[in-house]
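First up is the structure itself, then whatever we jot down about it.
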Amino acid sequence: MKNLNRIFITLSAIALSLSASGCSQSGSLPSGFGLKSDPEKVKYDWQKPYQEQISSFISSDEFSNDSENGSAFDLFDITGDGQPELIISPNKGASTACSVFTSENGKIVSLGTFGSGGILHYIPSQKLLHEEYTGNGFVLGKYLTYRNGELTDVIAYSDNSSSASSGASIVHEINGEEVMLTEYEAALAPYASAVYLEIGRRYTFSEIAVKYAVKLSESWKDVFSDSEKQLCRDKLNEVLENSAETGTDPAFDLCDLNGDKIPELIVSDGSAPESMCTVYYLSEENLLQMEGTYGFCGQFTLDPKENVFFYQSGEKFSYWSIANAEFTASGYKNDGNKAQIGRRFMLTPENITRIFG
């Protein structure tokens, strides 16, 4: 067990504001108390084919190692079977679509290319992907769902209302058929206010980030003890109840911030620019809140090699390490190991049950 006196002193300092010149905080968290097994020893039949597909992409002409706008990937369950799909984003270009793969009996299967800007919009409440392209005076879009082994259209739409000022004839279409504006709006109404997640660019393609994603990130739910699951369920249900009063769109995540292979529970209070994340850690059969809040737009970036997490807000960078007591921002340099943390799962009763039983 790590020194509790030291950690509470360290964590109290984290609440201090940090400057754009690169202030930092450091320390360590107490260990968890009951993981059933080493998360790296949990094996899934999708891991090998996804690792091979990742390696193949890195060797391709599409791969870009630009640290900000280059290639990235994600693991996210689109099909609803409890197994993640592999989403590869070649870059952040406006017209760039993501390649989506699934694994069937340990073999890679392509589901096609979707999205734009190198991301996918996923609506968890309806299990739908949404893609939309806006051109000069028009918009094209569709909602898709996984059915019978493929991602198929639920509804497709197009509209050129923004061309009205140029004298163009205005046309609204649903599934290729021209309709009146009222029909057009009614057809899209069930989706218009749905909360979505941006997926596709959670991880960079560095060796460490790939290992973290494939070997660790999807294992947490299978190594928690029953008592740990209960603690997480209780906390998330509490946050969910409070969010009903505040009207926020909370989400949650699990990640290992200090490299001890014991995940912290991250709760994001929303996706607006001012939204932050709260960190909870397991200790002495309790789930404790780490002092302070972190992030921008309800998420932050983790460097899984150096066990540093950080975020950028405007010109300001803020850094923390709870693994290294000697950490300083001035001595830190990220060499491409990044994972976006905070909004992995929308905070719903269904997701709480799916992850924690």
Side-chain angles (χ1 to χ4, degrees), residues 74 76-82 84-85 87 89 92-102 109-201 240 243-244 247-251 270-272 275 297-298 343-351 354:
D74 206 339
F76 192 91
D77 181 9
I78 291 173
T79 64
D81 63 356
E85 274 58 61
I87 302 106
S89 170
K92 294 173 69 175
S95 60
T96 299
C98 296
S99 297
V100 180
F101 302 89
T102 192
V109 176
S110 173
L111 295 179
T113 56
F114 308 93
S116 60
I119 60 172
L120 298 175
H121 288 162
Y122 182 74
I123 303 174
S125 62
Q126 301 176 29
K127 296 182 173 60
L128 296 176
L129 285 179
H130 178 215
E131 60 177 13
E132 185 175 274
Y133 176 74
T134 301
N136 185 19
F138 68 93
V139 61
L140 300 172
K142 63 175 63 175
Y143 293 89
L144 306 99
T145 192
Y146 181 76
R147 185 185 297 126
N148 299 324
E150 60 183 352
L151 286 165
T152 58
D153 293 0
V154 172
I155 186 170
Y157 59 92
S158 65
D159 174 72
N160 69 340
S161 296
S162 55
S163 299
S165 61
S166 65
S169 177
I170 303 306
V171 178
H172 316 285
E173 291 187 346
I174 295 293
N175 295 330
E177 296 185 5
E178 186 173 352
V179 296
M180 300 294 292
L181 177 59
T182 54
E183 296 175 278
Y184 180 85
E185 292 176 338
L188 297 181
Y191 318 103
S193 61
V195 177
Y196 64 84
L197 295 173
E198 288 188 354
I199 59 176
R201 300 189 61 82
L240 183 60
S243 72
T248 56
D249 59 329
S271 56
S275 296
C297 293
R343 300 192 61 77
R344 181 67 167 170
F345 308 104
M346 297 304 300
L347 184 48
T348 64
E350 293 75 18
N351 278 340
R354 182 161 69 92

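Please read all numbers here as calculations on a predicted model, not as lab measurements.
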Before you tell me yes or no, could you show the steps for Leu120 and Phe76 under side chain to side chain contact (heavy atoms under 4.5 Å, CB included), namely the whole-Å CA-CA distance, both residues' side-chain angles and the distance that decides it to 0.1 Å? CA-CA 11 Å; Leu120 298 175; Phe76 192 91; over 6 Å; no
Any pair with a residue in residues 127-139 that passes side chain to side chain donor-acceptor pair (under 3.5 Å), sequence neighbours left out, goes on the list, sorted by first then second residue, please. His130-Tyr157, Glu132-Tyr157
Roughly how far apart are Leu128 CG and Asp153 CG, rounded to 0.5 Å? 11.0 Å
Looking at CD1 of Ile155 and OH of Tyr191, how far apart are the two atoms once the value is rounded to the nearest 0.5 Å? 5.0 Å
Let me confirm one number: the CG-CG distance from Leu240 to Leu347, rounded to the nearest 0.5 Å. 4.5 Å
Shortest non-hydrogen contact from Met180 toward His172: C-CD2, 4.3 Å
Evaluation steps, side chain to side chain contact (heavy atoms under 4.5 Å, CB included), between Arg354 and Asp77: CA-CA 12 Å; Arg354 182 161 69 92; Asp77 181 9; 3.9 Å; yes
When rounded to the nearest 0.5 angstrom, what is the spacing between OG1 in Thr113 and CD1 in Ile87? 13.0 Å
Has Asn160 got a side-chain atom pairing as donor or acceptor with Gly137's backbone, closer than 3.5 angstrom? no
Check whether any side-chain heavy atom of Ser110 lies under 4.5 Å from a side-chain heavy atom of Phe101, and answer yes or no. yes
Take Thr152 and Thr145 through the side chain to side chain contact (heavy atoms under 4.5 Å, CB included) test and state the conclusion after the steps. CA-CA 6 Å; Thr152 58; Thr145 192; 4.3 Å; yes
To check you understand the geometry: which heavy-atom pair defines the closest contact between Ala251 and Arg343, and what is its length? CB-NH1, 3.6 Å
Do the non-hydrogen side-chain atoms of Asp249 and Ser271 ever get within less than 4.5 Å of each other? yes
With side chains defined as the heavy atoms from C-beta onward, is the minimum distance between Val195 and Met346 less than 4.5 Å? yes
Looking only at non-hydrogen atoms, find the nearest pair between Ser89 and Cys98 and report the distance. CB-SG, 3.9 Å
How about OH on Tyr196, more than 12 heavy atoms from neighbouring residues, nucleotides or ligands closer than 6.0 Å, or not? no
Whether Gln126 side chain and Ala194 backbone form a donor-acceptor pair below 3.5 Å: no
Distance check, rounded to the nearest 0.5 Å: His121 atom NE2 versus Ile119 atom CD1? 3.5 Å
For residues Phe114 and Gly112, report the shortest heavy-atom separation together with the two atoms involved. CE1-C, 3.5 Å
Between Tyr184 and Ser158, what is the shortest heavy-atom contact and its length? CE1-O, 3.4 Å
Could you report the tightest heavy-atom contact between Ile78 and Glu85, atom names first, then the distance? N-OE1, 2.8 Å
